[in-house]
Amino acid sequence: QVQLVESGGGLVQAGGSLRLSCAASGRTFGSYAMGWFRQAPGKEREFAAGISRNGERILYADSVKGRFTISRDNAKNTVDLQMIGLKPEDTATYYCAAAGGGSYSYIPRTSAGMEYWGKGTLVTVSS
């Protein structure tokens with residue numbers, strides 16, 4: 001099993017930046033593709049960014065492309081999401097998620113494809 005704990009959320013003005021971090025338990029972190037999903041009030045959870053097991057493949061939702069950067073450190077069991085140019089529509093609870101199996105380049109982009117979830121961290125962007 002993998003336990004995930006997010007940190008770094010908070011209140012920021014539009015145009016500002018935040019860095020989210022996800023710390024994972026367990027010795028097999030490198031066996032999991034990792035993703036960041038987000039859920040705004042009244043909306044479904046959506047994919048924001050994902051990174052393959054070895055970090056060589058990365059995917060972003062169109063809505064965050066060019067503004068968000070996902071990275072991982074398999075030695076430290078962490079995956080980060082650097083967010084710049086934040087907009088009010090980025091306001092959401094951000095969840096870290098992990099998925100095992102698949103090829104080294106596999107990155108699930110749906111909630112159903114992820115196996116483990118953190119409890120989330122709230123990001124609020126004021127206009």
Side-chain angles (χ1 to χ4, degrees):
Q1 273 209 345
V2 177
Q3 292 186 329
L4 305 171
V5 180
E6 303 96 337
S7 61
L11 174 64
V12 63
Q13 288 188 334
S17 303
L18 278 176
R19 187 178 185 89
L20 306 183
S21 187
C22 174
S25 66
R27 299 179 180 180
T28 59
F29 178 72
S31 299
Y32 293 89
M34 300 298 297
W36 284 95
F37 288 70
R38 64 185 186 180
Q39 187 167 18
K43 295 188 176 181
E44 293 187 354
R45 190 174 300 186
E46 64 176 10
F47 172 82
I51 188 166
S52 62
R53 297 182 196 175
N54 58 8
E56 291 188 355
R57 184 168 180 246
I58 290 174
L59 294 175
Y60 296 101
D62 287 344
S63 58
V64 308
K65 201 172 294 183
R67 300 185 299 120
F68 289 12
T69 302
I70 188 172
S71 61
R72 69 186 297 163
D73 186 333
N74 285 352
K76 296 182 179 179
N77 284 13
T78 59
V79 58
D80 292 349
L81 186 68
Q82 177 68 50
M83 307 184 293
I84 65 172
L86 283 163
K87 306 174 181 180
E89 51 264 43
D90 294 318
T91 294
T93 298
Y94 283 72
Y95 298 91
C96 175
S103 68
Y104 279 102
S105 61
Y106 176 59
I107 302 175
R109 285 179 284 182
T110 63
S111 295
M114 308 306 282
E115 294 178 66
Y116 302 102
W117 294 87
K119 293 184 178 181
T121 185
L122 179 62
V123 172
T124 304
V125 185
S126 63
S127 56

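Numbers for residues simply follow the sequence, beginning at 1. None of the values given here were measured: they were computed from a predicted structure.
Judged purely by atom type and a 3.5 angstrom limit, Gln82 has no side-chain atom pairing as donor or acceptor with the backbone of Ile70. Although no hydrogens or angles enter the test, the distance criterion places no donor-acceptor pair under 3.5 Å between the side chain of Thr91 and the main chain of Thr124. Between the side chain of Ser52 and the backbone N or O of Ile107 there is no donor-acceptor pair closer than 3.5 Å. Distance alone, capped at 3.5 Å, places no donor-acceptor pair between the Gln39 side chain and the Thr93 backbone. In this structure, Gln13 contributes its side chain and Val125 its backbone to no donor-acceptor pair below 3.5 Å.
The shortest distance between side-chain heavy atoms of Thr69 and Tyr60 falls below 4.5 Å. Tyr32 has its side chain within reach of Val2: a pair of non-hydrogen atoms, C-beta onward, lies under 4.5 Å apart.
Here the closest non-hydrogen pair linking Glu115 and Ala99 is OE2-C, 3.6 Å. A pairwise comparison of heavy atoms in Leu4 and Ala24 identifies CD2-CB, 3.6 Å as the closest pair. Of all the heavy atoms in Pro108 and Met114, the pair that sits closest is CB-SD, 3.4 Å. Contact detail for Gly8 and Leu18: the closest heavy-atom pair is O-CD2, 3.8 Å. Here the shortest heavy-atom pairing between Met34 and Val79 reads CE-CG1, 3.8 Å. For Trp117 against Ser111, the heavy-atom pair with the smallest separation is CZ2-O, 3.5 Å.
Between Arg72 and Asp80 no salt bridge is recorded (no basic side-chain N to carboxylate O distance below 4.0 Å). With salt bridges taken as basic N to acidic carboxylate O contacts below 4.0 Å, none links Asp90 and Lys87. Residues Glu46 and Arg38 are paired through a salt bridge, judged by an N-O separation under 4.0 Å between the basic side chain and the carboxylate.
Taking the six-membered ring for Trp and the full ring otherwise, the centers of Phe37 and Phe47 sit less than 6.0 Å from each other.
Interatomic distance, OG1 of Thr121 versus OH of Tyr94, reported as 10.5 Å (0.5 Å rounding). Atoms SG and CG, on Cys22 and Asn77 in that order, are 10.0 Å from each other to the nearest 0.5 Å. To the nearest 0.5 Å, atoms CE (Met83) and CG (Leu20) are separated by 3.5 Å. To the nearest 0.5 angstrom, Gln1 atom CD is 7.0 Å from Gln3 atom CD.
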Would you check, one step at a time, whether the test side chain to side chain contact (heavy atoms under 4.5 Å, CB included) holds for Tyr104 with Glu56? CA-CA 9 Å; Tyr104 279 102; Glu56 291 188 355; over 6 Å; no
How far apart are the C-alpha atoms of Tyr95 and Glu6, what are their side-chain angles, what is the distance that settles it, and do they pass the side chain to side chain contact (heavy atoms under 4.5 Å, CB included) test? CA-CA 7 Å; Tyr95 298 91; Glu6 303 96 337; 4.1 Å; yes
I'd like to know whether Ser71 forms a side chain to side chain contact (heavy atoms under 4.5 Å, CB included) with Arg19, so could you lay out the CA-CA distance, the side-chain angles of the two residues, the decisive distance to 0.1 Å, and finally the verdict. CA-CA 11 Å; Ser71 61; Arg19 187 178 185 89; 3.8 Å; yes
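Heavy-atom neighbours of Arg45 CZ from other residues, nucleotides or ligands within 6.0 Å: above the threshold of 12.
Taken together through direct or relayed side-chain contacts under 4.5 Å among Ile, Leu, Val, Met, Phe, Trp and Tyr, Leu11 and Phe68 form parts of separate hydrophobic clusters. The cluster map of Ile, Leu, Val, Met, Phe, Trp and Tyr, joined by side-chain heavy atoms under 4.5 Å apart, puts Leu122 and Val12 in different clusters.
For the pair Arg53 and Tyr106, the cation-pi test (distance below 6.0 Å, angle within 45°) is failed.
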